[in-house]
Amino acid sequence: MIVIFVMGMASTVIVLTAPEPESAIEVDARRLKQAIEDLQVRAVVLGRGEGLHVDETSAAHVYAEAGKWIAERGPILSFSHGTQIDSDRSSHADQPDIMADATGMLLPAKLRMSSGTQVINVTVTPEGRVLLDSEGN
């Protein structure tokens, strides 16, 4: 009887301390953050300006050549159904939403991802850090 009680208490502690599963938007935000960080390395290795063009459903690589941004084939990242993304660069259609120069330095940018009532802000700071900030969970 005591053994069953102890096993029950132990399983309760395990269940209560287990992390909640990530939502689809949290997974999308984490994958986008990784793609942005990979962009820095890609720019340095290739020695050219690199960018990410983000739309409602996906993110795609672009690169700078002769003063123009050239899209690579196909998206590198597809977002979950229901995730919406807004960019602070949406008025600059000729530029990518996220940009890194040939030294890997990221230009400041902000993306807002939303799904239902959950919102995640993806911010590239002037120092080149990528931050995820949740609001309205």
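Here the CG atom belonging to Asp28 is positioned 12.0 Å from the CD atom belonging to Gln84, to the nearest 0.5 angstrom. Ile120 CD1 to Leu132 CG: the interatomic distance, rounded to the nearest 0.5 Å, is 6.5 Å. Rounded to the nearest 0.5 angstrom, His53 NE2 and Ser87 OG are separated by 9.0 Å.
Residues Ile25 and Phe79 are not in side-chain contact: their nearest non-hydrogen atoms beyond the backbone lie 4.5 Å or more apart. Side-chain contact between Met113 and Leu32: present, with at least one pair of heavy atoms (C-beta onward) separated by less than 4.5 Å. Between Ile85 and Glu56 there is no side-chain heavy-atom pair separated by less than 4.5 Å. Counting heavy atoms from C-beta on, the side chains of Val130 and Val122 come closer than 4.5 Å. Under the 4.5 Å side-chain criterion, counting only non-hydrogen atoms from C-beta, Leu106 is in contact with Ile36.
Under the 4.5 Å side-chain contact rule for hydrophobic residues, Tyr63 and Val54 do not share a cluster.
Minimum interatomic distance between Ala109 and Asp97 (heavy atoms only, all atoms of both residues): CB-O, 3.6 Å. Residues Pro96 and Leu52 share a closest heavy-atom pair of CB-O, 3.4 Å. Smallest separation of non-hydrogen atoms from Ser58 and Pro75: CB-CB, 3.6 Å. Pairing each heavy atom of Ala60 with each of Gly74, the nearest pair is CB-O, 4.0 Å. Among all heavy-atom pairs drawn from Leu77 and Ala35, the shortest one is CD2-CB, 4.4 Å. Across all their heavy atoms, Pro126 and Pro108 have their closest contact at CA-CG, 3.7 Å.
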Residue pair Val124, Leu131: steps toward the side-chain contact (heavy atoms from CB on, under 4.5 Å) verdict: CA-CA 6 Å; Val124 179; Leu131 306 175; over 6 Å; no
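For Thr57, the side chain to side chain donor-acceptor pair (under 3.5 Å) partners are Asp55, not counting sequence neighbours.
Residue pairs satisfying the side chain to side chain donor-acceptor pair (under 3.5 Å) criterion with at least one member in residues 34-45, sequence neighbours excluded, are listed as follows: Gln34-Asp38, Arg42-Glu50, Arg42-Glu72.
A donor and an acceptor atom, one from each side chain of Gln118 and Ser134, are nowhere located under 3.5 Å apart. No side-chain donor from either of Thr123 and Asn121 sits under 3.5 Å from a side-chain acceptor of the other.
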